[in-house]
Peer 1: 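Would you mind keeping the following structure in view while I ask a few things?
Just so you know, residue 1 is the first one in the sequence shown, and it goes up from there.
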Amino acid sequence: MENKEFSYKGFVMNGFLAIFLALVLFAVTIYCFVLADKSVEFAIIGGLLFLLLCVCMNGFVKLEPNEAKVLVFFGKYSGTFSCTGFYWMNPLLSKKSVSLRARNLNPEPIKVNDKAGNPVLIGMVLVWKLENTYKALFEIDSQSLAPSSANGSRSMAVRSLSNAFENFVRVQSDAALRQVAGCYAYDNADSADELTLRSNAEEINERLVTTLNDRLAMAGIHVTEARINYLAYAPEIAAVMLRRQQADAIIAAREKIVDGAVSMVKMALDKLKAQGVVNLDEERKAAMVSNLLVVLCGDEPAQPVVNSGSL
(Lines give C-alpha, C1' and ligand atoms only; values in the text may rest on other atoms or scores of the structure.)
Protein backbone atom coordinates (compact mmCIF):
# COMPACT_ATOMS: atom_id res chain seq x y z
CA MET A 1 0.00 0.00 0.00
CA GLU A 2 1.35 3.42 -0.99
CA ASN A 3 2.59 5.61 1.84
CA LYS A 4 0.98 9.03 1.34
CA GLU A 5 2.29 10.56 4.56
CA PHE A 6 4.99 13.22 4.30
CA SER A 7 6.49 15.89 6.55
CA TYR A 8 5.20 19.44 6.41
CA LYS A 9 7.52 21.65 4.32
CA GLY A 10 5.79 25.01 4.65
CA PHE A 11 6.84 28.10 6.59
CA VAL A 12 7.42 27.56 10.33
CA MET A 13 8.53 30.24 12.80
CA ASN A 14 9.73 30.00 16.37
CA GLY A 15 6.72 30.51 18.62
CA PHE A 16 8.40 32.96 21.00
CA LEU A 17 9.52 35.16 18.12
CA ALA A 18 5.95 35.04 16.78
CA ILE A 19 4.65 36.19 20.18
CA PHE A 20 7.03 39.15 20.12
CA LEU A 21 5.83 40.12 16.62
CA ALA A 22 2.20 39.69 17.73
CA LEU A 23 2.82 42.06 20.64
CA VAL A 24 4.34 44.59 18.26
CA LEU A 25 1.34 44.24 15.95
CA PHE A 26 -0.97 44.66 18.93
CA ALA A 27 0.84 47.85 19.98
CA VAL A 28 0.55 49.24 16.45
CA THR A 29 -3.15 48.39 16.44
CA ILE A 30 -3.70 50.28 19.71
CA TYR A 31 -1.74 53.23 18.36
CA CYS A 32 -3.95 53.32 15.25
CA PHE A 33 -7.09 53.31 17.37
CA VAL A 34 -5.66 56.19 19.45
CA LEU A 35 -5.16 58.23 16.27
CA ALA A 36 -8.61 57.29 14.96
CA ASP A 37 -10.01 60.64 16.20
CA LYS A 38 -7.70 62.53 13.85
CA SER A 39 -8.36 60.43 10.73
CA VAL A 40 -10.81 57.75 9.65
CA GLU A 41 -7.98 56.02 7.81
CA PHE A 42 -6.28 55.16 11.12
CA ALA A 43 -9.50 53.55 12.37
CA ILE A 44 -9.75 51.43 9.22
CA ILE A 45 -6.08 50.43 9.45
CA GLY A 46 -6.50 49.62 13.15
CA GLY A 47 -9.52 47.45 12.43
CA LEU A 48 -7.68 45.56 9.70
CA LEU A 49 -4.65 45.05 11.93
CA PHE A 50 -6.86 43.79 14.75
CA LEU A 51 -8.53 41.33 12.37
CA LEU A 52 -5.10 40.19 11.15
CA LEU A 53 -3.94 39.75 14.74
CA CYS A 54 -6.96 37.58 15.57
CA VAL A 55 -6.29 35.38 12.54
CA CYS A 56 -2.57 35.06 13.30
CA MET A 57 -3.26 33.93 16.86
CA ASN A 58 -4.59 30.65 15.41
CA GLY A 59 -1.15 29.80 14.04
CA PHE A 60 0.54 28.86 17.32
CA VAL A 61 1.41 25.17 17.75
CA LYS A 62 2.85 23.40 20.81
CA LEU A 63 4.00 19.79 20.49
CA GLU A 64 5.19 17.41 23.19
CA PRO A 65 7.32 14.31 22.52
CA ASN A 66 5.50 11.63 20.49
CA GLU A 67 2.78 14.00 19.33
CA ALA A 68 2.06 15.23 15.82
CA LYS A 69 -0.13 17.69 13.94
CA VAL A 70 -1.82 16.64 10.72
CA LEU A 71 -2.14 19.80 8.61
CA VAL A 72 -4.96 20.33 6.13
CA PHE A 73 -5.34 23.43 3.93
CA PHE A 74 -8.97 23.82 2.85
CA GLY A 75 -9.42 20.06 2.50
CA LYS A 76 -6.00 19.28 1.02
CA TYR A 77 -3.47 17.31 3.06
CA SER A 78 -0.39 19.53 3.56
CA GLY A 79 1.80 17.21 5.62
CA THR A 80 2.46 16.04 9.15
CA PHE A 81 4.38 18.21 11.60
CA SER A 82 6.04 16.36 14.49
CA CYS A 83 8.88 18.63 15.72
CA THR A 84 8.77 18.98 19.49
CA GLY A 85 8.51 22.53 20.76
CA PHE A 86 6.59 25.81 20.33
CA TYR A 87 6.08 27.13 16.79
CA TRP A 88 3.95 29.38 14.59
CA MET A 89 2.75 28.44 11.11
CA ASN A 90 0.09 29.34 8.59
CA PRO A 91 -3.04 30.15 10.65
CA LEU A 92 -5.32 29.07 7.80
CA LEU A 93 -4.16 25.46 8.18
CA SER A 94 -6.47 23.07 9.96
CA LYS A 95 -4.40 21.32 12.63
CA LYS A 96 -5.49 17.90 13.86
CA SER A 97 -3.62 16.62 16.91
CA VAL A 98 -2.73 12.92 17.15
CA SER A 99 -0.74 10.95 19.72
CA LEU A 100 2.11 8.67 18.60
CA ARG A 101 2.61 7.11 22.03
CA ALA A 102 2.28 3.36 22.62
CA ARG A 103 -0.98 2.19 24.20
CA ASN A 104 -2.21 -1.03 25.81
CA LEU A 105 -5.42 -2.85 24.97
CA ASN A 106 -6.72 -5.61 27.23
CA PRO A 107 -10.18 -6.64 25.97
CA GLU A 108 -12.45 -9.11 27.75
CA PRO A 109 -11.93 -12.81 26.89
CA ILE A 110 -14.11 -14.03 24.04
CA LYS A 111 -15.60 -17.44 23.28
CA VAL A 112 -14.29 -19.10 20.11
CA ASN A 113 -14.19 -22.60 18.63
CA ASP A 114 -10.75 -24.13 18.34
CA LYS A 115 -9.61 -26.32 15.45
CA ALA A 116 -11.35 -29.36 16.96
CA GLY A 117 -14.60 -27.43 17.38
CA ASN A 118 -14.36 -27.18 21.17
CA PRO A 119 -15.60 -23.87 22.63
CA VAL A 120 -12.83 -22.10 24.54
CA LEU A 121 -12.48 -18.75 26.30
CA ILE A 122 -9.44 -16.84 25.09
CA GLY A 123 -8.16 -13.36 25.85
CA MET A 124 -5.13 -11.31 24.89
CA VAL A 125 -3.26 -8.12 25.66
CA LEU A 126 -1.59 -6.07 22.95
CA VAL A 127 0.59 -2.97 22.64
CA TRP A 128 -0.08 -0.70 19.66
CA LYS A 129 0.84 2.74 18.42
CA LEU A 130 0.12 5.06 15.51
CA GLU A 131 2.75 5.05 12.77
CA ASN A 132 1.08 6.61 9.72
CA THR A 133 -1.02 9.68 10.45
CA TYR A 134 -2.38 10.01 6.90
CA LYS A 135 -3.89 6.52 6.94
CA ALA A 136 -5.18 6.97 10.48
CA LEU A 137 -7.12 10.13 9.63
CA PHE A 138 -8.05 9.69 5.98
CA GLU A 139 -8.10 5.95 5.20
CA ILE A 140 -10.58 5.02 7.95
CA ASP A 141 -13.61 6.88 9.28
CA SER A 142 -12.02 8.04 12.54
CA GLN A 143 -12.76 11.77 12.40
CA SER A 144 -16.53 11.33 12.46
CA LEU A 145 -16.14 9.58 15.83
CA ALA A 146 -14.15 12.42 17.39
CA PRO A 147 -14.78 16.19 17.58
CA SER A 148 -12.32 18.57 15.99
CA SER A 149 -10.28 21.01 18.06
CA ALA A 150 -12.66 23.77 17.00
CA ASN A 151 -15.55 22.09 18.80
CA GLY A 152 -13.73 21.29 21.99
CA SER A 153 -10.44 21.58 23.80
CA ARG A 154 -7.22 20.24 22.35
CA SER A 155 -6.91 17.51 24.98
CA MET A 156 -10.49 16.40 24.39
CA ALA A 157 -9.91 16.21 20.64
CA VAL A 158 -6.75 14.11 21.07
CA ARG A 159 -8.49 11.83 23.56
CA SER A 160 -11.50 11.38 21.30
CA LEU A 161 -9.33 10.52 18.31
CA SER A 162 -7.37 8.05 20.42
CA ASN A 163 -10.62 6.43 21.55
CA ALA A 164 -11.74 6.17 17.92
CA PHE A 165 -8.48 4.43 17.02
CA GLU A 166 -8.82 2.15 20.06
CA ASN A 167 -12.33 1.11 19.01
CA PHE A 168 -10.99 0.25 15.56
CA VAL A 169 -8.14 -1.78 17.11
CA ARG A 170 -10.58 -3.52 19.45
CA VAL A 171 -12.83 -4.70 16.62
CA GLN A 172 -9.95 -5.84 14.44
CA SER A 173 -8.19 -7.58 17.33
CA ASP A 174 -11.37 -9.53 18.08
CA ALA A 175 -11.53 -10.72 14.48
CA ALA A 176 -7.80 -11.56 14.39
CA LEU A 177 -7.99 -13.51 17.65
CA ARG A 178 -10.93 -15.56 16.35
CA GLN A 179 -9.07 -16.26 13.13
CA VAL A 180 -5.86 -17.41 14.84
CA ALA A 181 -7.58 -19.41 17.60
CA GLY A 182 -9.64 -21.31 15.02
CA CYS A 183 -6.47 -22.64 13.38
CA TYR A 184 -5.19 -24.49 16.47
CA ALA A 185 -6.52 -27.03 18.93
CA TYR A 186 -6.62 -26.31 22.64
CA ASP A 187 -4.21 -29.15 23.46
CA ASN A 188 -2.44 -32.01 21.69
CA ALA A 189 -4.73 -34.89 22.61
CA ASP A 190 -4.51 -36.40 19.12
CA SER A 191 -1.03 -35.47 17.87
CA ALA A 192 2.05 -34.64 19.88
CA ASP A 193 3.63 -32.77 16.92
CA GLU A 194 0.71 -30.40 16.35
CA LEU A 195 0.92 -26.79 17.53
CA THR A 196 -1.64 -26.05 20.25
CA LEU A 197 -2.93 -22.99 22.04
CA ARG A 198 -1.86 -24.28 25.44
CA SER A 199 1.62 -25.61 24.65
CA ASN A 200 2.97 -23.33 21.91
CA ALA A 201 2.37 -19.82 23.21
CA GLU A 202 5.35 -18.19 21.48
CA GLU A 203 4.43 -19.47 18.01
CA ILE A 204 0.78 -18.48 18.51
CA ASN A 205 1.76 -14.99 19.70
CA GLU A 206 3.99 -14.45 16.65
CA ARG A 207 1.20 -15.40 14.27
CA LEU A 208 -1.22 -13.21 16.22
CA VAL A 209 1.08 -10.17 15.83
CA THR A 210 1.42 -10.84 12.09
CA THR A 211 -2.34 -11.18 11.63
CA LEU A 212 -3.05 -8.02 13.62
CA ASN A 213 -0.54 -5.96 11.65
CA ASP A 214 -2.03 -7.19 8.37
CA ARG A 215 -5.49 -6.08 9.49
CA LEU A 216 -4.40 -2.75 11.00
CA ALA A 217 -2.05 -1.68 8.20
CA MET A 218 -4.91 0.13 6.47
CA ALA A 219 -5.24 2.42 9.52
CA GLY A 220 -1.52 3.16 9.90
CA ILE A 221 -1.45 1.33 13.24
CA HIS A 222 1.38 -1.01 14.22
CA VAL A 223 1.17 -3.71 16.91
CA THR A 224 4.51 -4.13 18.67
CA GLU A 225 3.44 -7.01 20.93
CA ALA A 226 0.43 -9.27 21.38
CA ARG A 227 0.15 -12.11 23.86
CA ILE A 228 -2.56 -14.53 24.93
CA ASN A 229 -3.15 -13.84 28.62
CA TYR A 230 -6.21 -16.02 29.25
CA LEU A 231 -7.06 -19.50 27.98
CA ALA A 232 -9.66 -21.93 29.34
CA TYR A 233 -12.38 -24.25 28.16
CA ALA A 234 -15.87 -22.78 28.02
CA PRO A 235 -17.97 -23.52 31.15
CA GLU A 236 -20.29 -25.94 29.32
CA ILE A 237 -17.45 -28.40 28.57
CA ALA A 238 -14.93 -27.49 31.26
CA ALA A 239 -15.96 -30.33 33.62
CA VAL A 240 -15.81 -32.97 30.87
CA MET A 241 -12.43 -31.76 29.61
CA LEU A 242 -11.09 -31.75 33.17
CA ARG A 243 -12.04 -35.41 33.55
CA ARG A 244 -10.35 -36.16 30.24
CA GLN A 245 -7.17 -34.43 31.38
CA GLN A 246 -7.29 -36.36 34.65
CA ALA A 247 -7.73 -39.62 32.72
CA ASP A 248 -4.75 -38.77 30.50
CA ALA A 249 -2.65 -38.06 33.58
CA ILE A 250 -3.71 -41.34 35.25
CA ILE A 251 -2.93 -43.34 32.12
CA ALA A 252 0.50 -41.73 31.79
CA ALA A 253 1.24 -42.44 35.47
CA ARG A 254 0.10 -46.07 35.10
CA GLU A 255 2.32 -46.57 32.08
CA LYS A 256 5.33 -45.33 34.03
CA ILE A 257 4.46 -47.53 37.02
CA VAL A 258 4.10 -50.62 34.80
CA ASP A 259 7.41 -49.93 33.04
CA GLY A 260 9.15 -49.64 36.40
CA ALA A 261 7.46 -52.77 37.78
CA VAL A 262 8.43 -54.90 34.79
CA SER A 263 12.08 -53.80 35.03
CA MET A 264 12.10 -54.57 38.79
CA VAL A 265 10.59 -58.06 38.27
CA LYS A 266 13.16 -58.82 35.58
CA MET A 267 15.97 -57.63 37.85
CA ALA A 268 14.68 -59.82 40.72
CA LEU A 269 14.48 -62.93 38.55
CA ASP A 270 17.94 -62.32 37.07
CA LYS A 271 19.52 -61.89 40.52
CA LEU A 272 17.83 -65.01 41.93
CA LYS A 273 19.13 -67.02 39.00
CA ALA A 274 22.63 -65.48 39.00
CA GLN A 275 23.18 -65.96 42.74
CA GLY A 276 21.61 -69.42 42.81
CA VAL A 277 19.24 -68.57 45.63
CA VAL A 278 16.46 -70.77 44.32
CA ASN A 279 15.64 -72.65 41.15
CA LEU A 280 12.19 -71.85 39.82
CA ASP A 281 10.36 -73.64 37.05
CA GLU A 282 8.26 -71.74 34.53
CA GLU A 283 5.03 -72.17 36.49
CA ARG A 284 6.53 -70.79 39.70
CA LYS A 285 8.23 -67.97 37.79
CA ALA A 286 4.82 -66.98 36.39
CA ALA A 287 3.30 -67.04 39.87
CA MET A 288 6.14 -64.94 41.24
CA VAL A 289 5.86 -62.44 38.42
CA SER A 290 2.12 -62.16 38.99
CA ASN A 291 2.56 -61.57 42.71
CA LEU A 292 5.31 -58.99 42.23
CA LEU A 293 3.28 -57.07 39.63
CA VAL A 294 0.28 -57.01 41.95
CA VAL A 295 2.44 -55.64 44.77
CA LEU A 296 4.26 -53.07 42.63
CA CYS A 297 1.29 -51.86 40.55
CA GLY A 298 -1.45 -51.88 43.19
CA ASP A 299 -2.85 -48.65 44.60
CA GLU A 300 -3.23 -50.10 48.12
CA PRO A 301 -0.44 -51.60 50.28
CA ALA A 302 -0.15 -55.36 49.76
CA GLN A 303 -1.13 -57.72 52.61
CA PRO A 304 1.64 -60.33 52.97
CA VAL A 305 0.68 -63.98 53.18
CA VAL A 306 3.27 -66.24 54.82
CA ASN A 307 3.60 -69.55 53.00
CA SER A 308 4.79 -72.08 55.56
CA GLY A 309 4.55 -74.96 53.15
CA SER A 310 6.34 -75.61 49.91
CA LEU A 311 7.26 -72.75 47.62
Peer 1: Check whether more than 12 heavy atoms from other residues, nucleotides or ligands sit under 6.0 Å from atom CZ of Phe6, and answer yes or no.
Peer 2: yes
Peer 1: About how many Å separate CG of Leu100 and CD of Glu67, when rounded to the nearest 0.5 Å?
Peer 2: 8.0 Å
Peer 1: Given side chains that start at C-beta, do those of Cys32 and Phe50 come closer than 4.5 Å, heavy atoms only?
Peer 2: no
Peer 1: CZ/Arg215 to CG/Asp174 distance, rounded to the nearest 0.5 angstrom?
Peer 2: 9.5 Å
Peer 1: What is the ring orientation for Phe86 with Phe60, classed by angle as parallel under 30°, tilted 30 to 60°, or perpendicular over 60°?
Peer 2: parallel
Peer 1: Can you spot which of Phe81, Tyr134, Tyr77 makes a side chain to side chain contact (heavy atoms under 4.5 Å, CB included) with Val70?
Peer 2: Tyr77
Peer 1: Are side-chain heavy atoms of Ile110 and Leu177 found at a separation under 4.5 Å?
Peer 2: yes
Peer 1: So that I can tick it off, tell me whether Glu108 and Arg170 are bridged by a salt bridge, with the cut-off set at under 4.0 angstrom between side-chain N and carboxylate O.
Peer 2: no
Peer 1: List, one per line, each side-chain donor-acceptor pair under 3.5 Å for residues 12-23, sequence neighbours excluded.
Peer 2:
residue : atom : partner : partner atom : Å
Asn14   : OD1  : Phe16   : N            : 2.9
Asn14   : OD1  : Leu17   : N            : 3.4

Peer 1: Specify the closest pair of heavy atoms between Phe165 and Leu137, including all atoms of both residues, with the distance to one decimal.
Peer 2: CZ-CD2, 4.3 Å
Peer 1: Do other residues, nucleotides or ligands put more than 12 heavy atoms under 6.0 Å from the NZ atom of Lys256?
Peer 2: no
Peer 1: State the CH2-CG distance between Trp128 and Leu105, to the nearest 0.5 angstrom.
Peer 2: 8.0 Å
Peer 1: Say whether, by atom type as modelled, one donor and one acceptor occur between the side chain of Arg103 and the main chain of Leu130 under 3.5 angstrom.
Peer 2: no
Peer 1: So do the side chains of Met89 and Leu71 get within less than 4.5 Å of each other, counting heavy atoms only?
Peer 2: yes
Peer 1: Is Glu202 salt-bridged to Arg207, going by a charged N under 4.0 Å from an acidic O?
Peer 2: no
Peer 1: Does Glu41 CD have over 12 foreign heavy atoms under 6.0 Å away?
Peer 2: no
Peer 1: Quick check for you: to the nearest 0.5 Å, what is the distance between Leu195 atom CG and Lys115 atom NZ?
Peer 2: 9.0 Å
Peer 1: For residues Lys95 and Asn58, report the shortest heavy-atom separation together with the two atoms involved.
Peer 2: NZ-O, 3.3 Å
Peer 1: Using a strict 4.0 Å threshold on nitrogen-to-oxygen distance, state whether Glu5 and Lys135 make a salt bridge.
Peer 2: no
